[in-house]
Amino acid sequence: MKKLLFLLFIVGGLCLGTNAWGQLLPKPASLKAGNGVFVVPENLGVKTNLKGNDKTRLLQAVENALGVKTGKGAALELQLDKKLGKGRERTEGAGYGPYEGYVLEVTPKKVVIRGGSAAGLFYGVQSLGQLAKEGKIPAVSITDEPRFGYRGFMLDCSRHFFGKDFIIKQIKEMARYKLNRLHLHLTDAAGWRLQLDRYPELTRLAAFRTETDWTKWWRKGTKEYVPEGTEGAYGGYLTKADVREILAVAADNFITVLPEIEMPGHSQEVMSVYPELCCDPTLPAGKPNRHSDFCIGNEASFEFIENVLKEVVDLFPSEYIHIGGDEAGKWAWKTCPKCQALAKELGLTATKDDSVEDQLQSYFIQRVEKIVEKLGRKMIGWDEILEGGLAENATVMSWRGEEGGIKTVKSGHHAVMTPNSYLYIDHYQDAPQYMPEAIGGYQPLDHVYSYNPIPKQLSKQEASLIDGIQANLWTEYVKTPEHCEFMAWPRLLALAEVAWTPQELRGDYEDFLDRATQEVLYLKGKGFHPFDIRYEVGNRQEYREPVQHLALGKKVTYHAPYSERYVANKEATLTDGLRGGWSYNDSRWQGFIDKGRVDVTIDLGEPTDIREVYATFMQMPGPEIYHPATIDIHVSDDNEHWTELYHLDYPATVDEPYNFKDFGWRARKGSVRTRYIHYQANCSEIGGFQFTDEIIVR
Ligand code: ACM
């Protein structure tokens with residue numbers, strides 16, 4: 001009997017342990033289950049050595065997390081213990097901050113949280129909030145600290161405007177998952193979203209439009225802004241009062257708001273208000289401006305930037321200021337007399353790796369870094385700021401894969417990893433036909449979760465320069481707050497766990513999925529609109545199993561090249577039996593770019609009876625992937641004399657929505673005997689990209 005009781009005790013303890021793990025997201029670094037539960041009183045006595053504002057915000061955090069009032073007593077102790085984590089502080093970088101670790105002890109009698117800083121205590125309180133169910137907290141002992149200091153979410157407020165209330169709502173729940181950076185992309189071609197005293201025209205003239213739909217306005221439309229107050233005007237901006245309110249809530253939730261002001265590219269809205277700042281000052285003010293870039297040869301550009309950044313740093317306390325730096329067009333600099341005179345004065349000449357314009361961009365970024373530093377802050381930018389040489393103290397956000405981040409840390413600089421292949425949450429998260437329109441791509445929850453931010457080729461020292469990670473939500477196709485939440489959640493939960501939890505504790509996706517599902521229900525209860533992961537369809541059926549057919553493994557000769565960016569399985573792609581998934585960038589789809597065409601011959605090795613030849617093409621208008629306009633299939637016995645088997649003219653158009661279509665020939669009856677098959681697909685005048693995954697022969 002005694003033995004049985006002992007066994008029950010052990011099993012009970014283990015169950016409770018599993019239960020406690022099962023409730024925490026992100027998973028803590030270590031957890032030991034105890035026995036019994038702590039019952040949370042309605043009026044919870046809190047004892048703490050915190051003082052001032054830290055005390056106020058921690059008491060508020062306890063009330064929010066547990067849904068109770070706090071009062072006198074010591075049922076919960078919050079002890080600031082600076083010895084905790086001593087020697088483990090991060091000392092530099094965008095992930096720098098106080099030590100965020102904590103120790104949480106829950107017994108049936110009391111709860112004690114020790115934190116290395118107020119932030120650490122705050123995260124202990126967040127764990128407590130997740131453990132509490134119906135007023136009970138299981139006894140537990142947790143020792144926890146984050147893997148990375150920078151755990152971020154970027155929201156694009158330019159393509160569609162998202163205002164103060166929405167941002168504050170997100171901040172409050174980001175904190176529950178221990179995220180600590182909110183990067184606001186405040187300016188871009190679609191609208192300037194920050195009120196400035198010195199340049200009120202930016203928000204008066206370039207923060208509104210009448211067309212809400214991105215494709216209609218930007219890709220096919222006028223790209224025209226309308227003045228504030230115009231009837232039917234759509235858009236908006238954050239006033240300084242809005243920003244202060246956001247910052248106050250962010251501070252209470254231990255979140256740093258990182259402001260981004262785009263330059264030198266993505267600045268059409270600035271150029272439409274101040275055409276004198278682009279390379280062609282003759283363009284009329286107030287009109288859509290095809291120039292995206294600041295003129296680098298014009299000193300007025302730097303004056304403007306300094307004035308803007310001055311107001312930005314007056315408003316935002318963030319140690320880092322994001323200056324964009326991505327995707328500058330650079331084409332206008334090539335023929336601009338001022339830019340070219342500057343290049344000459346600087347003695348710039350093209351090198352193997354960098355054009356004169358790349359070096360002009362580098363000159364620009366280095367000057368902007370000096371401005372940022374003069375204003376007492378540090379600069380961070382997208383990975384293009386590496387081009388032409390990185391500014392002295394810059395931190396890089398690596399978005400075009402991980403290469404930028406790797407190069408950055410190998411040169412001794414800090415990096416934040418935000419690779420589009422894992423952390424771009426503007427991509428579809430499930431089968432696109434069941435999702436609201438998105439920009440393209442396929443970024444399901446398990447893929448975000450599978451990301452390991454430390455590339456294998458880095459030394460320990462280099463790896464220590466990776467400050468953390470960030471998920472980016474660009475909003476070209478995200479029009480409403482509801483859609484924005486749908487795209488962000490639950491993928492931000494995966495991001496949170498990747499950023500916080502030690503890599504070795506993240507092996508079990510199903511375990512994460514269970515916890516994420518609970519959190520989706522929690523978020524719904526809080527009035528959020530997450531994607532309900534319980535109803536996920538998953539990847540394309542064809543992706544899941546290799547396909548058998550007569551051309552499998554047969555040699556393919558290319559008469560026109562495939563894109564170097566989308567090589568898939570190179571020359572083997574079209575006959576390797578591996579079909580693509582929902583997205584063109586899953587290394588199964590081969591890309592044919594820039595008026596490229598599919599033009600290949602398959603050698604079946606011997607005369608073979610065939611009844612069917614086809615390839616599937618993807619149409620995904622967001623990233624400009626279109627169906628082919630003509631298909632031609634010829635057959636031959638000797639690779640010299642050809643017989644036409646099939647011809648199709650297809651009305652390819654940018655308007656056709658996302659879909660997959662098979663293009664090819666099927667015998668009405670009987671079969672055709674051949675050894676060689678020549679398959680051609682040409683794009684139409686609309687250009688764009690073509691993507692196909694396999695040429696299937698049966
Ligand atoms: C980016 O996605 N252009 C940073």
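Note that ligands are numbered from 1 as they come in the structure, with each ligand's atoms numbered from 1 the same way. Just so it is clear, the model here is predicted, and its values are computed rather than measured.
Of all protein heavy atoms, the one lying nearest to atom 3 (N) of ligand 1 is Asp326 OD2, 2.6 Å. Of the protein's non-hydrogen atoms, Tyr424 OH, 2.6 Å is the one closest to atom 2 (O) of ligand 1.
Within a 6.0 Å sphere centred on NZ of Lys169, heavy atoms belonging to other residues, nucleotides or ligands number more than 12.
Glu373 and Asn393 form a side-chain donor-acceptor contact under 3.5 Å, judged by distance and modelled atom types alone.
The cationic atom of Arg540 (NZ for Lys, CZ for Arg) lies less than 6.0 Å from the six-membered ring centre of Phe660 and within 45° of the ring axis. Taking the centre and axis of the six-membered ring of Tyr449, the NZ or CZ atom of Arg506 falls inside the cone set by 45° and 6.0 Å.
Numbered from 1 in the order shown, with element, the atoms of ligand 1 that lie under 4.0 Å from a heavy atom of Trp474 read 1 (C), 2 (O), 4 (C). Shown in contact with Trp382 at under 4.0 Å from a heavy atom are these atoms of ligand 1, numbered in order with element: 4 (C).
In terms of polar-atom proximity, defined here as any N/O pair under 3.5 Å, His266 makes no such contact with ligand 1. Taking only nitrogen or oxygen atoms, main chain and side chain alike, Trp399 does not reach within less than 3.5 Å of ligand 1.
Of the heavy atoms in Met397, none comes closer than 4.0 Å to ligand 1.
Ring geometry for Tyr658 versus Tyr428: interplanar angle of 30 to 60°, hence tilted. Between His160 and Tyr234, the ring planes are perpendicular. Angles over 60° get that label, and only those under 30° would be called parallel.
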